[in-house]
Amino acid sequence: MTIRSEILGCGSYLPERIVTNEELSATVDTTDEWIRSRTGIGQRHIAADGENTSDLAFAAAQRAIEHAGIDVADIDLVICATATPDNTFPSTAAKVQHRLGMTQGAAFDIQAVCSGFVYGLAVADNFIRAGQAKTVVLIGAETFSRILDWNDRGTCVLFGDGAGAVVMRAMDEDETSASGGNGQGHNSGRGVLSTHIHSDGTHYDILYVDGGPSTTQTVGHLRMNGKEVFRHAVKNLASIVDEALEANNLERSDLDWLVPHQANKRIIDSTAKKLGMSVDNVILTVDKHANTSAASIPLALDVAVKDGRIKRGDLILLEAMGGGLTWGAGLVRW
Ligand code: ACO
């Protein structure tokens with residue numbers, strides 16, 4: 001019997017407060033036109049005072065568990081991808097585990113910034129394939145508003161807060177083939193077909209936070225060389241999508257949906273163009289959510305599953321790049 005992970009359900013949560021570009025331009029030297037034309041962003045959600053990453057993560061996890069129709073008692077692993085944890089320690093995942101009423105299983109955070117969800121997918125999938133976990137709640141949750149320098153117009157306009165989650169469960173590969181896909185063999189059944197992750201620390205200083213417990217004993221603020229990040233994103237994402245397709249003997253034309261990390265519409269357009277995909281097959285939420293780092297992919301996924309665009313059996317490519325640099329992709333048959 002070959003085990004793979006199926007995604008049983010998803011959920012997401014966005015803080016109530018929406019800040020539009022116009023509203024931002026009252027306090028930051030910027031314009032709606034500049035932000036929209038450079039990034040595609042129109043607004044972002046910002047967490048309320050006292051509303052922390054674990055609150056967003058918990059709400060998204062609860063919704064994913066409900067959508068999946070599973071019992072909390074069945075969960076044996078909670079993973080939270082975040083670069084903005086509530087505290088330096090313990091992990092945000094452990095807080096969520098507690099609020100879910102779990103005392104069983106394990107919980108830990110993953111830190112790969114904007115690639116966090118794809119890294120988490122790889123870790124969760126490998127735990128399941130190795131037989132070390134059967135039911136995993138994987139969350140991407142961030143409150144980037146807390147690490148932005150609101151005097152730096154080059155970065156503060158780009159990010160927002162939010163959380164998304166999926167429930168993954170171990171399944172016999174033969175069973176997944178019977179319930180989805182349209183052919184024979186490894187890539188025909190439902191579930192995570194493969195994950196691919198990379199990092200290259202050479203470029204850590206083009207996107208980083210200038211603080212931390214070991215260096216400054218402060219939280220610090222996000223710093224970025226936007227042009228360099230853009231250049232690396234386009235290059236790395238182009239290579240990772242090819243890597244994912246080749247590993248599964250699939251063609252670009254086999255893909256039904258691209259669910260990219262929502263950093264910037266221009267970066268997403270460039271990946272879609274490389275894949276020869278129409279904009280109609282790209283899930284785009286950056287206009288409404290801005291860049292929510294590790295939360296952006298599960299947030300976008302949840303929007304498209306709940307509005308009926310993504311259906312059982314569809315082939316989905318997830319991809320992201322972020323600070324580190326880190327980048328990765330996952331191929332999933334929904
Ligand atoms: N409003 C108005 N003007 C601005 C703003 C703003 N918010 N921000 C910068 N400017 C000005 C600059 O001061 C500069 O003015 P100058 O010419 O008088 O000096 C001018 O706009 C051009 O600045 P650049 O930084 O060169 O602008 P660029 O065209 O490169 O666009 C951007 C900046 C949008 C950040 C772009 O580089 C980009 O998209 N980079 C990718 C970054 C990204 O997506 N990061 C997310 C994290 S990583 C990830 O998730 C993949």
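Start at 1 and go down the list; that is how both ligands and their atoms are numbered. Both backbone and side-chain heavy atoms feed into the values below; hydrogens, waters and symmetry mates do not. FYI, the numbering just counts along the sequence from 1.
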- Query: Picking from Thr53, Thr92, Thr84, what satisfies side-chain hydrogen bond (donor to acceptor under 3.5 Å, both in side chains) with Glu142?
  - Reply: Thr84
- Cluster question for you: counting only ILVMFWY and a side-chain heavy-atom cut-off of under 4.5 Å, with indirect links fine, are Ile79 and Ile297 together? yes
- Item | Residue list, salt bridge (charged side-chain N to carboxylate O under 4.0 Å, His left out) with Arg252, at least two apart or on another chain | Asp242
- Where at least one partner belongs to residues 110-121, residue pairs that pass side-chain hydrogen bond (donor to acceptor under 3.5 Å, both in side chains), sequence neighbours excluded: Ser115-Thr326
- Task: List for me each residue that meets side chain to side chain donor-acceptor pair (under 3.5 Å) alongside His203, sequence neighbours excluded, and say none if there are none.
- Result: none
- Query: For ligand 1, what is the set of protein residues having any non-hydrogen atom at a distance below 4.0 Å?
  - Reply: Asp29, Thr30, Trp34, Arg38, Thr39, Cys114, Arg153, Gly154, Val157, Phe159, Leu207, Met224, Gly226, Lys227, Val229, Phe230, His261, Ala263, Asn264, Arg266, Ile267, Asn291, Met321
- Among side-chain atoms of Asp161 and Thr143, is any donor-acceptor pair under 3.5 angstrom? no
